[in-house]
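Within every chain, numbering begins at 1; the chains are lettered A, B, ... in the order of the sequence lines, protein sequences first and strands thereafter. Since the structure is predicted, the reported quantities are computational estimates derived from the model, not experimental observations.
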Number of protein chains: 2
Amino acid sequence: MRERPKIKDIAERAGVSVATVSRALSDSALVTAETRQRILDLARELNYRPNVSARSLRTRRSMSVLLVVRDVGNPFYLDILKGVEATAREAGYSVLMGNTESDPARETEYFNMLRDGHADGMILMTGKLPPAGGWSHLPVVVALEMIEGAGLPHVQVDNIGAAREAVEHLISIGHRRIAHISGPLPELMSLHRREGYREAMRNAGLDVPESYEVRGNYLLESGQECCRKLFTLPEPPTALFVANDEMAYGAAYELRRMGHDVPGDVSVVGFDDLYLSKAFYPPLTTVSQPRAEIGHVAMELLLKILSGAEIDCDEPIILPTVLHIRGSTAPPRQ
Amino acid sequence: MRERPKIKDIAERAGVSVATVSRALSDSALVTAETRQRILDLARELNYRPNVSARSLRTRRSMSVLLVVRDVGNPFYLDILKGVEATAREAGYSVLMGNTESDPARETEYFNMLRDGHADGMILMTGKLPPAGGWSHLPVVVALEMIEGAGLPHVQVDNIGAAREAVEHLISIGHRRIAHISGPLPELMSLHRREGYREAMRNAGLDVPESYEVRGNYLLESGQECCRKLFTLPEPPTALFVANDEMAYGAAYELRRMGHDVPGDVSVVGFDDLYLSKAFYPPLTTVSQPRAEIGHVAMELLLKILSGAEIDCDEPIILPTVLHIRGSTAPPRQ
DNA sequence: ATGAAAGCGCTAACAC
DNA sequence: GTGTTAGCGCTTTCAT
């Protein structure tokens, strides 16, 4: 047998033309059941697999989509990837993972992969469009993050509302001096979570001294660092609303190092509900995003676009969050 | 301008043949510097990108490799992926992530992707070959896990030695009743880590009652569950050597739930050094694997194979581990 | 229902 | 150094 059987090999053995084989393989109605069966059997016997390059070249579809994140090293993206992958597989698409590390060159590169036929569409989770421009009308869905004025469809959560709810919880159990460790600014997601914090404080008639808002970068070490800053203040907070779980881990760790009990002395609330947060000590109170669902919905949307449907890009799709109240929050000491 | 410029478009404008354009674009020496420059300028101006399908079809190389893991949801793989990706990019390869979920059908499918031209080579981290067989001589590198008798090159760590060292640490600080929560059996990696545990115990003249070896599945909940089993024994252990960090988190969590202090009452050692382990409470004593380096070395090896070099498959490449002693281990109570 | 043939965009012989 | 040409393996008209 040849190295890799091709349609021609099957055709010769079956005594039919390549066209017929192609039709049989793609379940066309234009083949008699009997011929089709013979061809299918032969294909199985030869262990035939269609060459993807040839097929893509001809059909002009790669049957794969690009999932672009800013850091594959972040476990947060994993469940989203799973959601995307499951949905993609079902529709016969494979998923290519793209990692930008916030490098504009790489951001552009992944967009170029849409043009060179590497992928048919893209789910973008970097919150940025590449600098060059000219990326409208492309089959791109923005998930998780937001890109304003891009005219692209969005799948996200209500970051403002979710943050507000988290801070309201702290207020409801008696906290007044609540500080916020934010993500990098002026990114929209960070801004929104901070806005939710501010709204909750304002609604409760609570002051937010400028020193109570510290800017982090979503990484664990940054949580530690921001926490240290807050606890050198003359009047340190009794509770922290931290913009993601990873920094919340860092903050809780640093608090313990400084001799503060969590939640005895200081309450901590995170955002994301990483899968370790429930095993963390103390189990972290945090906002849970429907990550797999975000991936699923984003992929569904992309499939729709790829099938030629018109999509309304004005209204983002908003998925619900849940505040999980665990052991890291408690009423302040009297 | 055409929808997507192709070589022909450039050729027409440059007043040369497609062959010349192709040569100029691939930096062939058979073009005058002047012609090349003209073509390059034109290509840039038209924003030309070669069609990957056409190129792959012709060259019979996809310039991408497959990285197959059993669970993309496991953060453990992320650093490996980063190592693989960086090395692959440099050589002009893209990386496709494959996720098997331990499903034999999917395991086979990824191997098939090598045959249908989707990828040129594969880094396999599932520890299994698909059932069908016939996968020798394929450009495959096994990383992290081991597959015996497959005739494939391996990149891994010395699991036996690393486990032994971890348990020796527990023994050296005075523990005698040391239990082991293993990974799924009879997988080679689990077996090796257990073997290291047994060796350390044997060398110290310590008994391992059968009930002190509990089988887990590397997931957090499994760590909890195994821990519960161990602490219903008439003589529970004073220390645990757990086959990975995730189960160690679960075990530590469960110990606290049951009212045991870590490390006051029970010491816990993990394996993997996930990035959260240092912020865990108490900071986890654990074996660190050079994950990015594993990815890097595996990809280098794969590149060598793809370039046609002969590889010695008899001797695995062994990378060093480091035992990080942190707060989760302490001498037993007197 | 089946076959012949064109061609997707590119590269690599082979000519000159 | 450049052009001509023949495919890579597949799908899809257009005939029959």
What does the list of N/O pairs under 3.5 Å between the protein and nucleotides 6-8 of chain C look like, with a distance for each?
from: C:dG7; atom 1: N2; to: A:R58; atom 2: NH1; distance (Å): 3.0
from: C:dC8; atom 1: O3'; to: A:R60; atom 2: NH2; distance (Å): 3.0

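- Annotation: salt bridge (Lys or Arg N to Asp or Glu O under 4.0 Å) contacts of B:R23 (sequence neighbours excluded): none.
- When the C1' atoms of four end pairs are superposed on the next four at each end of the helix from C:dA1-D:dT16 to C:dC16-D:dG1, using five pairs per end, the two resulting axes differ in direction by 40°, to 10°.
- We find that CZ of B:R4 is positioned 12 Å from P of C:dC10, with the value rounded to whole Å.
- Shown for residues 34-44 of chain A: no residue has heavy atoms falling under 4.0 angstrom of DNA chain D.
- Across the protein-nucleic acid pair, B:R61 atom CZ and C:dA12 atom P stand 11 Å apart, rounded to whole Å.
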Indicate every side-chain donor-acceptor pair of residues 139-153 of chain B with a distance under 3.5 Å to a residue at least two apart or in another chain.
from: B:E145; atom 1: OE1; to: B:R70; atom 2: NH2; distance (Å): 3.2
from: B:E145; atom 1: OE2; to: B:R70; atom 2: NH2; distance (Å): 2.9

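- Summarising the geometry, the separation between NZ on B:K8 and P on D:dG3 is reported as 15 Å, rounded to the nearest angstrom.
- Look at CZ on B:R49: it is 15 Å from C1' on C:dC10, rounded to the nearest Å.
- Of all heavy-atom pairs between B:D272 and B:Q289, the closest is OD1-NE2, 3.2 Å.
- Considering only residues two or more places apart in sequence or on other chains, B:Y218 meets the side chain to side chain donor-acceptor pair (under 3.5 Å) condition with B:S190.
- For residues 121-140 of chain A, every residue pair satisfying the salt bridge (charged side-chain N to carboxylate O under 4.0 Å, His left out) rule, not counting sequence neighbours, is listed here: A:E107-A:K128.
- No hydrogens or angles considered: nothing links the side chains of B:S53 and B:S56 as a donor-acceptor pair under 3.5 Å.
- Interface residues of residues 21-33 of chain A facing DNA chain D, ordered by number: A:S22, A:R23; criterion, heavy-atom separation under 4.0 Å.
- OP1 and OP2 of C:dG9 both lie 4.0 Å or more from every side-chain N or O belonging to B:Y48.
- Qualifying ring pair (Phe, Tyr, Trp, His ring centres under 6.0 Å) partners for A:Y110, counting only residues two or more places apart in sequence or in other chains: none.
- Within the structure, salt bridge (charged side-chain N to carboxylate O under 4.0 Å, His left out) pairs that include any residue of residues 79-95 of chain B comprise A:D71-B:K82, A:R106-B:E85, A:E109-B:R89, B:D79-B:R291 (at least two apart or interchain).
- Between the side chain of A:R38 and the backbone N or O of A:A14, at least one donor-acceptor pair lies under 3.5 Å.
- A:F76 is linked by a ring pair (Phe, Tyr, Trp, His ring centres under 6.0 Å) to nothing, counting only residues two or more places apart in sequence or in another chain.
- Rounding to the nearest 0.5 Å places CD1 of B:I7 at 12.5 Å from CD of B:E12.
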Side chains of residues 307-316 of chain B: which donor-acceptor pairs under 3.5 Å do they make with residues two or more places apart or in other chains?
from: B:S307; atom 1: OG; to: B:K304; atom 2: O; distance (Å): 2.8
from: B:D312; atom 1: OD1; to: B:D314; atom 2: N; distance (Å): 3.0

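- Between A:S17 and C:dT2 there is no side-chain polar atom (N or O) within less than 4.0 angstrom of OP1 or OP2.
- B:N47 and A:R115 share a side-chain donor-acceptor pair at under 3.5 Å.
- If you measure from atom CG of A:D9 to atom P of D:dC10, you get 9 Å, rounded to the nearest angstrom.
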